[in-house]
Amino acid sequence: MERLLTPVFDGYDRGRDRAQRWIDETAGKPIRSWIVPILLAFAVTAAFVGLFRLLLAAAVGFGSFGRWTVVAFLGTVAVVVLAVVTRNVVVSLADPSQRRLLLIALITSGAGILTSVQAVVALTIALSDNPPPLWTIERFYLWRLLDSVPLLDIPARLDWAEPPVLPGLPGHVLELAFALVVIPPLVRVGIALYGHAEDRARERNYTEALAHRFRARRPWSSLADPRLTTVATAAGAGWILVGLYRHTPTRVVSLTTLAGAVAAAALAVLATVTVRWLYDFLSEQAALITLACAALLVWFDSPVRQVLLPSAAPLGTWAKIGVTLAVWLVLLLVVLVFLWSDPEFLEALVALTLVIGFLGTDAPAAGWLGEHVTWRPWELPLDRVLATAAAWFTVAFLVHLLWAVARRQQILGRADYGDTASGLRQDLRAYVLRAVHVVIAAGAALTLLRSAHTSATTAGPWTEASQSLTAAAWHVVDSLPGPGVTEILDWRLTADVTGRWTGLVVILAIGATVLLVAVPLVRTVALWARLTAGRPRSGDALASVPGAVADDLAAVVAFLEEAAAHGEPGFTLVPRARRMPFGSRVRLVIPTETAGRRLVQAELNMAALVRLFGHESPWYQAADRAFAATARAFGAHGGPTEARFDAARTQDTLAAARASVDEYTALIAQWRATWQAGSPGAEPAAAATVE
């Protein structure tokens, strides 16, 4: 027996060790590397669930003892898997460094859901005298699981209803137990994954802060990245050519194709220039933009006017002019004081204009192009080319806005810790405007669905885009918890968009609003409360972060001074080259002694400075100057593998490093003393960088 079992146990130990190493390696990678293991785990789970369904199908014909035996088996499996998920999630929440436990929880979460459903199905069969088909029972509990998600109201929006599978009190108790046992672990998994993603976002901030040292700003890294909109505009123009090839006798090799290619190239260049210069132009047009908004609000019938100015419709011409001027002054004051400094406001205006103008079968801008652009070079419908390119440009611009919503980083706590109220106001405005971006994108999706005839529409007096935007805004606002905003404002939809695809769009819009706007907004307010309560303790904690950098730099400078006094550097620098994106290379130095490791530790500790103050803050700039001077002195004292400076240059660099570190240390001590005295303190004044 020993000879037979020893190889088995040895193989088990080797497999377990390989699995542990694989989990550790995968957990250290970015989240996108976790997708494949999670999908594989779901596939394996689905295979086991198939076996469980065979067992359940057989259990229908069993007696009472056989059914309860199946219940005991599947219930034990479900409880064990849910316990594993809950334990790993709780530990990962308590200690965020335990990334492997979060990965294990994500891998086993699918098994927890499916095995729990199968266990409840088995219990339903055991309690029922005449159980319905398996798929009917499974579909009911999946429906109950989705119906338990707050705010989204998924089954109602998808027109999905399921009848009860177990009547009476036992059925209601079983539904309640299923919701209480299965949903909390899944909520904890979502919270842990969100926190981990937030931590990774902070790490990306540090990576971007360091990247500017090694390579220059890329030409495509402006606020509005024109690559997507450029490609989409050209593709929209090309789509008209594809339609001509499919529905007309137009040949591929023809003058029409040449004209279409020239038009696509010209429109791509125009889109690039438009995106690059759009914000610079609009940022100087506050008065004109607010005047146009006031005129549209007063003179044209719209959902916004019916809510804000319902009595403006019967007014005469001169009365409307007076109301327009009054509304313009109010809008100008509000916009200039509260919104104009936020780039999200201009983005919302541009997106709203594009959606109303170019999306939908009755888009006014597209209709104007059809009436006034009548030139058809070589039978190319130039009006359709322009309208389609503009529509594709609009969709690409909205995708850019949604990507910006997902990647937006908080301002509070990074660069304005001395005046957290200012950062809080800026964050609140930005998050509200990001919610507006999500609603506009949802309205655009509903408009496209209506154009594709995949959704039903009730009659209304406005264009398809305006109806869809109003419906998207109403559904998002109506889903907000707390007081019924739509009921208080007596806001009713006169034109709604219905259908399952429409419900899916609304669900995604509400989910994105909650996940990308509401949750970060609440966390920002909580961070503001922590920073403003107990400022002396907060200041000491903040000062300890730059203090750690100062201690490491002071230790390196002291080592260099001692080495210079004895004439023995005592360490060797080993330069290496590593390829970076976009073809550039970075020279890395591998330290071999304590001083080099302290210098590297100082560089790593500056990640906290970036997270707290931002790399453009005077705090980070002061630390960066001290680090640069110390690193320059460290390189001047390098061994034979590095270029050596002359003795006078070496002494100068060492003296400059000592002066920079002493100045930085004194700055930290002064700031800590200010905080301990009860004053809020402020950032040090920016000083000119010495090259």
Side-chain angles (χ1 to χ4, degrees), residues 113 117 135-165 175-176 178-179 182-183 186-187 189-190 194 303 307 355 359-360 395 398-399 401-402 405-406 434-460 462 464-519:
I113 298 174
V117 171
W135 176 235
T136 301
I137 304 175
E138 292 170 341
R139 194 169 61 242
F140 172 76
Y141 286 109
L142 289 175
W143 171 83
R144 175 58 63 193
L145 182 65
L146 294 178
D147 188 52
S148 302
V149 178
L151 302 180
L152 299 184
D153 197 13
I154 297 177
R157 299 187 189 281
L158 297 180
D159 296 331
W160 180 18
E162 294 292 337
V165 294
E175 290 181 38
L176 180 61
F178 174 72
V182 177
I183 293 177
L186 300 180
V187 173
V189 170
Y194 181 86
V307 174
V355 170
L359 293 188
V395 173
L398 293 174
V399 171
L401 291 188
L402 292 179
V405 171
R434 292 300 189 189
V436 174
H437 293 176
V438 173
V439 171
I440 293 175
L446 295 180
T447 305
L448 295 176
L449 287 175
R450 292 182 58 177
S451 300
H453 305 289
T454 58
S455 58
T457 309
T458 58
W462 310 299
E464 292 182 356
S466 61
Q467 291 179 13
S468 300
L469 288 168
T470 306
W474 186 90
H475 285 291
V476 172
V477 173
D478 185 61
S479 66
L480 297 177
V485 179
T486 55
E487 295 179 1
I488 294 175
L489 297 178
D490 195 22
W491 182 11
R492 295 181 177 86
L493 284 178
T494 58
D496 197 4
V497 185
T498 59
R500 291 191 172 183
W501 285 104
T502 299
L504 179 60
V505 171
V506 173
I507 290 171
L508 293 176
I510 297 173
T513 304
V514 172
L515 183 63
L516 302 177
V517 177
V519 175

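Just so it is clear, the model here is predicted, and its values are computed rather than measured. What's counted below: heavy atoms across the whole structure, side chains too, no hydrogens, waters or symmetry copies.
Checked against side-chain hydrogen bond (donor to acceptor under 3.5 Å, both in side chains), D153 has no partners two or more places apart in sequence or in another chain. With sequence neighbours excluded, the residues forming a side-chain hydrogen bond (donor to acceptor under 3.5 Å, both in side chains) with D478 are T486, listed by chain and number. A441 pairs by the side chain to side chain contact (heavy atoms under 4.5 Å, CB included) definition with L402, not counting sequence neighbours. Residues meeting the side chain to side chain contact (heavy atoms under 4.5 Å, CB included) test with A473, sequence neighbours left out: V439, W491. Partners of I137 by side chain to side chain contact (heavy atoms under 4.5 Å, CB included), not counting sequence neighbours, listed by chain and number: V121, T124, I125, P132, Y141, V165. E138 pairs by the side-chain hydrogen bond (donor to acceptor under 3.5 Å, both in side chains) definition with R53, Q118, not counting sequence neighbours. Annotation: side chain to side chain contact (heavy atoms under 4.5 Å, CB included) contacts of V436 (sequence neighbours excluded): A348, I440. Residues passing the salt bridge (charged side-chain N to carboxylate O under 4.0 Å, His left out) test with R144, sequence neighbours excluded: D147, E175.
Nearest heavy atom pair, residue H437 against residue V405, reads CB-CG2, 4.2 Å. The two residues S468 and R450 have their closest heavy-atom pair at OG-CD, 3.4 Å. The shortest heavy-atom contact between R157 and S479 is NH2-CB, 3.9 Å. Nearest approach of G443 to L469, heavy atoms of both residues: CA-CD2, 3.8 Å.
The backbone N or O of W143 sits nowhere less than 3.5 Å from a side-chain atom of W160 that would complete a donor-acceptor pair.
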Determine all donor-acceptor pairs shorter than 3.5 Å in which one atom belongs to a side chain in residues 504-513; sequence neighbours excluded.
residue: T513; atom: OG1; partner: A509; partner atom: O; Å: 2.7

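T136 is listed as a side-chain neighbour of R139, based on a closest heavy-atom distance under 4.5 Å.
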Test log, rule side chain to side chain contact (heavy atoms under 4.5 Å, CB included), inputs V355 and L398: CA-CA 9 Å; V355 170; L398 293 174; 3.8 Å; yes

